[in-house]
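All heavy atoms count here, side chains included; hydrogens, waters and symmetry mates do not.
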Amino acid sequence: MTDGALALSQHLPVVPVLLPLLTAAAMLALGEQRRGLKAVVNLASTAAGLAVAIVLLSSVSGGGTDVTAYLPGNWPVPFGIVLVVDRLSAMMAVLTGSVGLASVLYSLARWHHAGVHFHVLFQLQLMGLYGAFLTGDLFNLFVFFEVMLAASYGLLMHGGGMARVRAGLHYIAINLVASMLLLIGIAVLYGVTGTLNMADVAQKLSLVPDSDRGLLLAGAALLGVAFLAKAAQWPLNFWLPPAYTAASPPAAALFVILTKVGGYAILRLWTLYFPADAGASALFGADVLMWGGIATLGFGALGMLATQDLDRFAAYSVIGSSGTLVAAIGFDRPAVTAGALFYLASSTLAACALFLLVELLRRSRQRAVVPLAIRDDGGLTFAPESERHASVKRDAVEAALVGRAIPSALAFLGVAFALVALVVTGLPPLSGFVGKVALLSALLEVRSAAAWTLSALLLVSGLFATIALMRVGMRHFWSPSERPPPRLRIAETVPIGLLLGACVMLVVAGEPALRYLRGAAEALHEPTRYIDAVNGARVVERAAAAAAAPSSGWAR
């Protein structure tokens with residue numbers, strides 16, 4: 001490798017954050033008229049971000065250390081900003097890139113034309129997600145949260161309509177309250193410890209006097225409530241089903257990863273700050289996380305069973321998977337955490353595919369009312385108004401704009417729906433089954449009331465999901481009806497196929513994936529590895545940087 005290439009590789013941890021920021025700025029400069037060019041730029045940037053995330057994942061999954069710290073501003077720890085790449089953050093970055101690439105591909109069929117600044121907001125959303133997963137600083141975690149949420153407000157409203165406005169108001173209100181609690185909690189922790197660097201806070205918690213321990217735990221509790229609200233934990237998740245079902249399909253698919261940010265933050269901070277050997281603060285809030293996650297999983301399971309709409313089913317499945325992760329955190333067992341992380345990856349990919357599939361299945365159920373002709377000026381000629389309903393006219397217009405029917409479109413929808421159902425319900429042989437088996441096997445070793453309850457709910461939720469999806473499948477594929485073949489575009493089918501292909505690969509490479517996640521869980525439950533890596537980051541002297549650029553910023 002040449003010196004220039006080596007120097008570039010040393011700065012890879014900051015690329016997932018800077019790339020979408022620069023891409024968004026460049027697309028703003030292009031103006032609103034060049035949507036085709038902006039679509040190409042968005043797609044290329046998102047694919048490049050995924051490629052960088054995969055390189056980062058491979059760099060921490062090989063030999064040697066599995067935690068890498070990078071100082072973007074070349075300021076020493078704990079004063080400067082630090083980005084940290086370990087097995088968990090790298091996995092979440094790859095998931096973000098995968099979901100982002102599928103969503104932007106799907107949007108190119110038509111949805112990116114439904115409003116202004118879609119591509120800019122999309123890139124800012126990716127920037128916030130990547131930054132939240134890679135940052136090693138509490139205040140910057142708050143900053144990236146706000147970047148992510150501000151972009152999500154715009155994406156939720158993309159396309160307009162009263163339903164999106166109504167859902168958006170609830171979504172904005174709950175997230176603003178959660179952000180306020182997050183900021184107050186960070187301020188309290190800073191007041192107690194005098195630092196915002198995550199690793200430095202973990203080091204100084206043991207030095208906090210007993211007189212300040214109540215204030216410390218109060219600040220941590222505020223952080224926990226904020227993260228749980230963002231992770232859609234019961235009873236703070238009333239906003240999620242209406243918001244996710246009102247959003248456009250590509251936005252809803254990208255939102256799947258948003259709830260995982262809250263769960264990731266709890267997993268990261270609670271394993272750093274309140275491990276089993278943390279003395280008086282050991283396992284603070286563990287019971288709340290366990291039983292709160294179990295209640296959330298139960299709520300999600302009941303929601304899946306009760307709903308008749310596939311998009312609401314997908315929203316409740318997101319709630320259920322989020323509850324499973326939070327409950328697993330409370331057990332403080334590496335094996336349970338590893339199983340939950342595998343289940344997290346599988347459920348995220350499946351829920352993203354399901355949100356994209358919803359629109360295509362709904363389109364296949366449209367009544368057989370189509371325009372009589374397409375005029376030379378591009379307009380549509382319909383049958384007399386007395387022969388059809390206004391809503392049918394809107395459906396016909398949408399169907400005409402989507403594209404021409406492709407061979408085996410209905411077969412594709414059937415196979416895709418079956419594969420998604422297998423993953424979501426946890427039935428063999430796909431990745432959902434592997435994740436549930438890994439998690440259940442670990443829970444059997446715990447032997448507590450919470451472990452037995454979570455195990456039973458995992459099985460019951462799978463049963464409820466199976467019943468609900470069978471009901472939906474019969475309505476869409478088995479009920480007799482006279483309707484035309486579904487109209488699909490390649491740009492709509494490819495991302496769904498890629499996501500389902502990733503679920504299949506999780507099974508084919510199940511053992512390496514589980515081995516990687518076991519390593520991630522063990523590193524999380526041994527916080528000294530993270531702390532030592534961050535504290536080992538060294539600034540680069542100016543003279544040395546000029547002579548040996550490849551050494552800048554990295555610490556391994």
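Atom CH2 of Trp239 sits in a crowded spot, with more than 12 heavy atoms from other residues, nucleotides or ligands closer than 6.0 Å. Heavy-atom neighbours of Ile81 CD1 from other residues, nucleotides or ligands within 6.0 Å: at or below the threshold of 12. The 12-atom threshold is exceeded at CZ of Phe284, counting heavy atoms of other residues, nucleotides or ligands nearer than 6.0 Å.
No donor-acceptor distance shorter than 3.5 angstrom exists from the side chain of Thr46 to the backbone of Gly100, with no hydrogens or angles considered. One N or O on the side chain of Ser61 and one on the backbone of Ser58 form a donor-acceptor pair closer than 3.5 Å. Between the side chain of Asp309 and the main chain of Arg312, no donor-acceptor pair closer than 3.5 Å is present. Side-chain atoms of Ser89 come within 3.5 Å of backbone N or O of Asp86 as a donor-acceptor pair. Formation of a donor-acceptor pair under 3.5 Å by the Lys230 side chain with backbone atoms of Val261 is not found in this model. Panel note: side chain Tyr130, backbone Thr96; no donor-acceptor pair is recorded below 3.5 Å. In this structure, Thr245 contributes its side chain and Pro241 its backbone to a donor-acceptor pair below 3.5 Å. A distance-only check finds a donor-acceptor pair linking the side chain of Tyr244 to the backbone of Phe255 [under 3.5 Å].
In this structure, a donor-acceptor pair under 3.5 Å is present between the side chains of Gln233 and Ser322. Between the side chains of Ser152 and Tyr171, at least one donor-acceptor pair of N or O atoms lies under 3.5 Å. Side chains of Asp200 and Asn197: a donor-acceptor N/O pair is absent below 3.5 angstrom, by distance only.
Leu302 is linked by a side-chain contact (heavy atoms from CB on, under 4.5 Å) to Phe464, counting only residues two or more places apart in sequence or in another chain. Not counting sequence neighbours, Glu522 has no partner by the side chain to side chain donor-acceptor pair (under 3.5 Å) test. For Ile186, the side-chain contact (heavy atoms from CB on, under 4.5 Å) test picks out Leu138, Phe142, Leu182, Leu196, Leu223, with sequence neighbours left out.
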Applying side chain to side chain contact (heavy atoms under 4.5 Å, CB included), run through Leu254 and Leu126 and close with a yes or a no. CA-CA 9 Å; Leu254 186 60; Leu126 291 181; 4.2 Å; yes
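Using a 4.5 Å heavy-atom cutoff, the side chains of Leu134 and Met92 are not in contact. Using a 4.5 Å heavy-atom cutoff, the side chains of Leu517 and Arg87 are not in contact. Put simply, the side chain of Val434 does not reach to within 4.5 Å of the side chain of Leu506, judged on heavy atoms.
Checked against Thr296 for a side chain to side chain contact (heavy atoms under 4.5 Å, CB included), the options Leu325, Leu457, Asn237, Val326 give a single hit: Asn237. Screening Trp270, Phe145, Tyr264 for a ring-ring contact (aromatic ring centres under 6.0 Å, His included) involving Phe227 leaves a single residue, Phe145.
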